[in-house]
Amino acid sequence: MSGVLHQVLSGLATGSIYASLALALVMIYKTTHHVNFAQGEMATFSTFIAWSLIEAGFSYWVAFLLAVAVSFVIGLAIQALLMRRLANAHVLSAVGVFIGLLLIFNSISGWIFGYTVKAFPSPFESGNEKPVLGGYLSAHELGASLVTLAVLLAVYAFFRFTTLGLAMRAVAFNPQSSRLVGIRVDRMLALGWGLAAALGAIAGIMIAPIVFLDPNMMAGILLYAFAGALLGGIDNAAGAVAGGFAVGVIEALGGAYVVGTELKLTIALLSIVAVLIFKPNGVFGRHVVSRV
Amino acid sequence: MLTSAAEPMPPLLEARGLKAAYGPSTVLHGIDFAIDEGEVCCLLGANGAGKTTTLRAICGMVRTEGEIRFCGERIDGRATEDIVRRRIAHVPDGRGTFMELTVEENLRLGAYLRPTAEIPAALAEVYEYFPKLRQRLRQQAGTLSGGEQQMLAIARALLLKPRLLLLDEPSFGLAPIVVEEVFALLERIKQDQRLSIFLVEQNANLALALSDRAYLLETGRVVMEGTASELAKNEAIRRAYLGF
Ligand SMILES: Nc1ncnc2c1ncn2[C@@H]1O[C@H](COP(=O)(O)OP(=O)(O)OP(=O)(O)O)[C@@H](O)[C@H]1O
Ligand SMILES: [Mg+2]
């Protein structure tokens, strides 16, 4: 029984990472109607930035904040330089660009920082403390979950309670009407990309101590996040976050009790395919109610 | 050269030789119109005449040629959000409300350009005109009745504190009694605020009753203009648009 609890808690801990990456995917999806396949590689690149800042002698949290800020700017730049031109492009052109971005970020990471696997420090562990919560979680798992949860709550509050957040949601629903109330649509789209990139950066930095840092670090993680987003509903932020946590738990339980670690990705994906067969919009995907 | 006489006030909105096109097909073939400060002006015409396109042209939502001036300054070729920032509010056909958002969120978006300090008073003012909206603040806009949605769309536009209000068929899809309600409200708003309005309407009777002046559009050309009462008396208009 305590074994199950252990798996659930550690599933929730990794799930929090999937959840924030899933949220980043949803934020881009809602405005562009495309899945940003490059989200994972962008996060890896951000993690490398944090790593080199730490190597250069910056304290952990300064490096963390700087890397998140730089990622935010990279997100803005991608929207302004690339996506703006792509607004009316064919779906396949867009997919091509996203895959191109994936490859570019992947090879830039490898070219600048090398392909050798690197250890990434955790701010929550100095190496000799005991597992917390009665041994159910490592200190890093707990710390990373708390950071991610705090970030998710902050993002929620931003979209729910601020005028800027409301304007960004309005743009996602209806760009034309947004212009008619005076919202600068392009700026909101850029801001969305910036926020998504920053979210990805936080996810990357938080998971790096667990999975180690190399240019392909996020490939598998993005798959889990994508699965989570689909599970919850790719156009539903709250659903995608819940989906991310669910995938984390399914992965942990499935890996421990059903198929072993080699096949846990498979079981996570299978369970999602099963859900989508019955609920194509995701568990929480909603149909917009409207009267004509 | 010295001129002692004051320049005559330019009209609030003035279009000269306005053309508009969707891709290769030209829809407006060079039209002229002007709206003065405090004036209610309506644009009549059959389906497909180009009325919606005219309003879209003013807001920079369609490719145009020719001049559009607002308070004497060129606004043609500018981005929609910049034109809106000069406080031209547009209630488009289809209303342009955010269906997925709540009534309250729609209203907050309407006041997007207003300084935070002004918003409570501005909201109180629109609740005065639209008391029903106040009872439905938490309701998703898409679930409002057609009439309520039109009220929300107008309320949203008023929250901009517009200098010019563009209304595209506020009666569209509404039961006659609701149409009367909407027009009674517009009349009240006109009286209270001396608001300048450019109104597109199929219901020529109601539109002419509310308006000071009117233009008649036929396949992208202005074929008649005059005071609302002149047009209401005109035989051709009565037969074609007023039905008596
Ligand atoms: N997005 C568009 N693309 C191509 N043609 C369009 C587009 N919108 C309108 N048109 C054409 O432009 C012409 C004028 O349309 P517009 O919507 O301005 O007419 P309207 O006077 O508002 O008509 P209604 O009374 O039916 O609303 C029509 O022939 C229409 O087919
Ligand atoms: Mg029309």
Side-chain angles (χ1 to χ4, degrees), chain A residues 26-27 29-33 79-80 84-85 87-88 156-192 232-240 281-282 284-292, chain B residues 55-56 58-62 78-102 104-116 119 139-149 152-153 156-162 166 168 172-173:
Chain A
V26 170
M27 284 171 58
Y29 181 83
K30 288 195 85 152
T31 50
T32 63
H33 301 283
Q79 200 281 333
R84 222 165 269 189
R85 278 150 232 270
N88 301 315
Y156 170 78
F158 170 74
F159 280 110
R160 180 76 180 71
F161 299 114
T162 71
T163 305
L164 191 57
L166 175 62
M168 289 177 70
R169 281 192 291 146
V171 166
F173 286 127
N174 193 335
Q176 192 71 273
S177 294
S178 303
R179 292 200 170 86
L180 287 180
V181 294
I183 297 171
R184 296 202 188 280
V185 169
D186 278 334
R187 282 192 203 170
M188 296 302 142
L189 294 176
L191 203 51
I234 186 85
D235 62 352
N236 179 329
N281 293 318
F284 307 99
R286 52 188 160 188
H287 297 278
V288 173
V289 199
S290 76
R291 291 165 69 152
V292 186
Chain B
L55 297 192
R56 293 173 64 88
I58 295 169
C59 285
M61 295 159 80
V62 55
R78 293 192 173 271
T80 302
E81 45 268 57
D82 290 325
I83 295 169
V84 170
R85 276 161 194 259
R86 291 166 187 243
R87 293 205 275 120
I88 297 181
H90 184 178
V91 180
D93 59 345
R95 306 188 177 113
T97 45
F98 298 90
M99 301 286 194
E100 299 85 349
L101 300 178
T102 63
E104 185 176 24
E105 287 169 330
N106 271 275
L107 295 174
R108 272 171 66 201
L109 286 167
Y112 182 72
L113 295 179
R114 300 288 291 276
T116 319
I119 294 177
Q139 192 171 328
Q140 201 189 327
T143 64
L144 294 175
S145 74
E148 289 161 347
Q149 285 193 29
L152 176 61
R156 187 225 87 203
L158 287 179
L159 281 166
L160 182 69
K161 200 176 183 187
L166 309 176
D168 198 343
F172 187 80

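First the proteins, then the strands, lettered A, B, ... as listed; each starts at 1. Owing to the predicted nature of the structure, the values given are computational and were not obtained by experimental measurement.
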Over 12 foreign heavy atoms within 6.0 Å of CZ, A/Phe159
yes
Less than 4.5 Å apart, any side-chain heavy atom of A/Ser178 and any of B/Tyr112?
no
Between B/Thr116 and chain A, with a heavy-atom cut-off of 4.5 Å, which part of the residue counts as in contact: side chain, backbone, both or neither?
neither
With a 4.5 Å cut-off on side-chain heavy atoms, are A/Leu180 and B/Met61 touching?
yes
OG1 of B/Thr97 to CG of A/Asn174, rounded to nearest 0.5 Å, is 8.5 Å
Kindly compute the distance separating CZ (B/Arg85) from CD1 (A/Ile183), expressed to the nearest 0.5 Å.
9.0 Å
Spell out, as yes or no, whether a donor-acceptor pair under 3.5 Å connects the side chain of A/Arg179 to the backbone of B/Glu81.
no
Which distance, rounded to the nearest 0.5 Å, do you find between the CG of B/Leu109 and the CZ of A/Phe173?
10.5 Å
What heavy-atom pair brings A/Val181 and B/Arg156 nearest, and what distance separates the two atoms?
CG1-NE, 3.5 Å
A/Arg169 bridged to B/Glu105 by N-O distance under 4.0 Å:
yes
Could you list which of residues 86-96 of chain B have a heavy atom closer than 4.5 Å to any heavy atom of chain A, in residue-number order?
B/His90, B/Pro92, B/Gly96
